[in-house]
J.: 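Here it is, the structure in full.
Values below: every heavy atom of this structure, side chains too, minus hydrogens, waters and symmetry copies. As the structure is a computational prediction, the values presented were derived from the model and not from experiment.
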Amino acid sequence: MQLHKLSFLSWALIGLMFVGFSACDDDDDNNEPELQTVTQTAVADAQFSTLVTLLERVDLDVTLNNANGTFTVFAPTNQAFQDANIDPTMLNDDELAEILNYHVINGAEIASTDLIEGQTYAPSNALTGPGDNALSLLVERSGTDVTVNGTADVVAADVRATNGVIHAIDDVLMPLDIVGHASANSNLSALVGQVVRQDVPGNIPDVLTNTNPITVFAPLNSAFMDIEDTVNGLMPAQIATVLTYHVITGLNARSEGLSNGQVVPTANVGQSITVNKVGEDVSIEDSTMTPANVELPNIQATNGVIHVLDKVLIPSNL
């Protein structure tokens with residue numbers, strides 16, 4: 001773009017024009033409601049009265065009233081709380097605070113128009129993952145429709161506040177474990193389908209749900225399609241062998257904690273994977289010495305972390 005310098009006279013004329021326009025705009029602005037903080041905006045909207053009561057219980061209303069903060073809040077309506085059949089009296093303050101903070105993104109004001117088409121992960125204000133890491137939220141945009149964690153629809157987007165933005169949602173977001181996050185992501189449905197197979201030995205769903213901490217390298221649907229004939233020919237015990245090769249127990253291994261050349265034992269006993277890392281790019285080398293690229297790192301769940309791969313890892317004991 002070419003820039004042009006303006007003379008002093010030109011600037012003066014523009015200044016006079018601006019004053020004139022501003023006078024007109026002031027009349028229009030008087031008809032617009034004055035923006036308030038996130039907390040004040042929620043208090044003023046009757047559909048958020050249940051949310052406000054719960055925020056006040058754990059003092060999160062004070063946080064969201066901070067004029068110097070910047071927040072994106074996915075705010076369940078009263079109906080959302082009613083439909084979720086949640087009894088707050090059965091939750092202690094720490095449990096309630098985790099749930100409420102899971103609806104907040106701290107440090108960013110994200111309008112619906114800022115979202116790219118498809119899936120985006122964002123760190124929530126719930127710092128309750130292993131190692132006090134921020135639990136992840138899956139936000140998905142399809143046209144003008146926005147959903148969170150695959151279950152909550154945004155029913156009123158972009159309610160502006162002085163210190164952020166509110167999106168009203170029709171469901172209460174509960175912090176997700178490894179299985180919950182994998183199930184919420186439609187691009188991981190092939191993996192989930194193999195995990196929940198009744199004929200696969202080893203109680204793999206229980207391992208992924210009850211183990212803490214845990215790291216899972218999760219192949220995309222396209223990765224399973226690439227070896228569809230091979231997968232279809234495997235016996236259930238062999239499926240278990242492949243699945244456990246994608247799991248590391250005892251570690252919440254986020255990408256920033258991985259190092260180049262690191263050899264990591266997997267839940268497939270006796271089988272290890274090797275980490276390749278160049279800058280921020282990470283790939284995983286299996287027994288075939290073929291790298292699988294980490295397409296999306298650090299999906300933080302309550303009991304561990306997921307890294308999305310573009311290839312299925314193959315163990316040597318298959």
Side-chain angles (χ1 to χ4, degrees), residues 37-66 69 71-107 121-139 147-156 159 161 163-185 205-206 208-214 252 299-306:
T37 66
V38 167
T39 294
Q40 292 168 334
T41 302
V43 169
D45 194 330
Q47 70 175 330
F48 298 132
S49 61
T50 300
L51 174 63
V52 169
T53 298
L54 298 178
L55 292 173
E56 291 172 346
R57 175 179 150 185
V58 296
D59 296 330
L60 189 52
D61 63 315
V62 177
T63 300
L64 298 177
N65 200 42
N66 181 0
F71 307 99
T72 298
V73 179
F74 295 101
T77 62
N78 295 343
Q79 188 64 51
F81 278 104
Q82 184 176 331
D83 293 343
N85 197 28
I86 294 173
D87 183 359
T89 64
M90 300 299 292
L91 301 171
N92 63 41
D93 285 354
D94 288 341
E95 292 168 333
L96 179 60
E98 179 185 44
I99 293 170
L100 295 177
N101 275 302
Y102 193 52
H103 292 74
V104 177
I105 298 172
N106 193 346
Y121 281 91
S124 74
N125 200 44
L127 308 180
T128 49
D132 298 327
N133 284 293
L135 300 181
S136 296
L137 288 169
L138 170 60
V139 184
T147 59
V148 186
N149 282 358
T151 60
D153 293 323
V154 172
V155 294
V159 180
N163 61 344
V165 63
I166 298 173
H167 305 292
I169 56 176
D170 64 357
D171 195 11
V172 178
L173 302 172
M174 301 301 290
L176 298 178
D177 63 8
I178 291 285
V179 172
H181 259 300
S183 299
N185 190 326
D206 287 343
L208 298 180
T209 301
N210 298 327
T211 306
N212 190 346
I214 190 171
N252 189 79
I299 302 172
Q300 186 64 62
T302 57
N303 63 332
V305 66
I306 298 173

J.: What is the distance from atom CG of Leu51 to atom CG of Leu100, rounded to the nearest 0.5 Å?
T.: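 Separation between the atoms: 6.5 Å.
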
J.: For Asp83, which residues count as a side-chain contact (heavy atoms from CB on, under 4.5 Å) partner, sequence neighbours excluded?
T.: Gln79

J.: Test your reading of the model: is there a side-chain donor-acceptor pair from Ser124 to the backbone of Leu135, 3.5 Å cut-off?
T.: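 Yes.
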
J.: Using modelled atom types and a 3.5 Å cut-off, is there a donor and acceptor pairing between side-chain atoms of Thr39 and backbone atoms of Asn65?
T.: yes

J.: With no hydrogens and no angle check, is any side-chain donor or acceptor of His181 less than 3.5 Å from a backbone partner on Leu138?
T.: no

J.: Could you check whether Thr128 and Glu98, counting side-chain N and O atoms only, form a donor-acceptor pair closer than 3.5 Å?
T.: yes

J.: Would a 4.5 Å heavy-atom cut-off, applied to side chains only, mark Asp153 and Val148 as touching?
T.: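 A side-chain contact under 4.5 Å is absent here.
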
J.: Excluding sequence neighbours, so at least two apart, what forms side chain to side chain donor-acceptor pair (under 3.5 Å) with Glu95?
T.: none

J.: Donor-acceptor pair, distance only, cut-off 3.5 Å: does the side chain of Thr147 make one with the backbone of Gly150?
T.: no

J.: Could you give the distance from OG1 (Thr72) to CD1 (Ile105), rounded to the nearest 0.5 Å?
T.: 5.0 Å

J.: Give a yes or no on whether the backbone of Leu173 and the side-chain of Asn149 come within a donor-acceptor separation of less than 3.5 Å.
T.: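 Checked: no pair found.
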
J.: Please assess Ile178 against Ile214 for the test side-chain contact (heavy atoms from CB on, under 4.5 Å), listing each intermediate value before the final yes or no.
T.: CA-CA 8 Å; Ile178 291 285; Ile214 190 171; 3.6 Å; yes

J.: Assess the side chains of Asn303 and Asn212: does a donor N or O sit below 3.5 Å from an acceptor N or O?
T.: no

J.: Can you list the steps and then say if Thr63 with Leu60 is a side-chain contact (heavy atoms from CB on, under 4.5 Å)?
T.: CA-CA 5 Å; Thr63 300; Leu60 189 52; 3.8 Å; yes

J.: Could you check if a side-chain atom of Ile86 sits within less than 4.5 angstrom of a side-chain atom of Ile99, using non-hydrogen atoms only?
T.: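 No, every pair of side-chain atoms sits at 4.5 Å or beyond.
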
J.: For Thr50, give me all partners under side-chain contact (heavy atoms from CB on, under 4.5 Å), at least two apart in sequence or on another chain.
T.: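 So Thr50 forms a side-chain contact (heavy atoms from CB on, under 4.5 Å) with Leu54, Asn78, Phe81.
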
J.: Decide if the gap between the ring center of His103 and the ring center of Phe74 is smaller than 6.0 angstrom.
T.: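 No, they do not, as the ring centres are separated by 6.0 Å or more.
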
J.: Tell me the salt bridge (charged side-chain N to carboxylate O under 4.0 Å, His left out) pairs involving residues 47-58, sequence neighbours left out?
T.: Arg57-Asp93

J.: If only atom types and distance count, is the side chain of Ser49 paired as donor or acceptor with the main-chain N or O of Asp45 below 3.5 Å?
T.: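 No: the side chain of Ser49 does not pair with the backbone of Asp45.
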
J.: Does any pair with a residue in residues 163-182 pass salt bridge (charged side-chain N to carboxylate O under 4.0 Å, His left out), and if so which ones, sequence neighbours excluded?
T.: none

J.: Checking Asn163 against Thr37: is there a side-chain donor and acceptor pair closer than 3.5 Å?
T.: no

J.: Name all residues meeting the side chain to side chain donor-acceptor pair (under 3.5 Å) criterion together with Asn85; count only those two or more places apart in sequence or in a different chain, and write none if there are none.
T.: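 Applying side chain to side chain donor-acceptor pair (under 3.5 Å) to Asn85 gives none.
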
J.: Please check if the side chain of Asn133 supplies one atom and the backbone of Pro130 the other of a donor-acceptor pair under 3.5 Å.
T.: yes

J.: Measuring from Asn185:CG to Ile306:CD1, what's the distance to the nearest 0.5 Å?
T.: 8.0 Å

J.: Give me the atom names and distance for the closest heavy-atom approach of Val179 to Pro205.
T.: CG2-O, 4.2 Å

J.: State, to 0.1 Å, how close Asn66 and Phe71 come at their nearest heavy-atom pair, and which atoms those are.
T.: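 Shortest heavy-atom contact: O-CE1, 4.1 Å.
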
J.: I'd like to check Ile166 versus Phe48 (side-chain heavy atoms, cut-off strictly below 4.5 Å). Are they in contact?
T.: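 Counting from C-beta outward, Ile166 and Phe48 do come under 4.5 Å.
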
J.: For Val159 and Thr41: C-alpha separation, side-chain torsions, deciding distance, then whether side-chain contact (heavy atoms from CB on, under 4.5 Å) applies.
T.: CA-CA 8 Å; Val159 180; Thr41 302; 3.8 Å; yes

J.: Between Leu64 and Val104, does the side-chain contact (heavy atoms from CB on, under 4.5 Å) criterion hold? Intermediate values first, please.
T.: CA-CA 9 Å; Leu64 298 177; Val104 177; 4.2 Å; yes

J.: What distance separates Leu96 CG from Met90 CE, expressed to the nearest 0.5 Å?
T.: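 Between Leu96 CG and Met90 CE, I get 13.5 Å after rounding to 0.5 Å.
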
J.: For the backbone of Ala97 and the side chain of Tyr102, can you confirm whether one donor and one acceptor N or O come within less than 3.5 Å of each other?
T.: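 Pair absent, no side-chain N/O of Tyr102 close to backbone of Ala97.
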
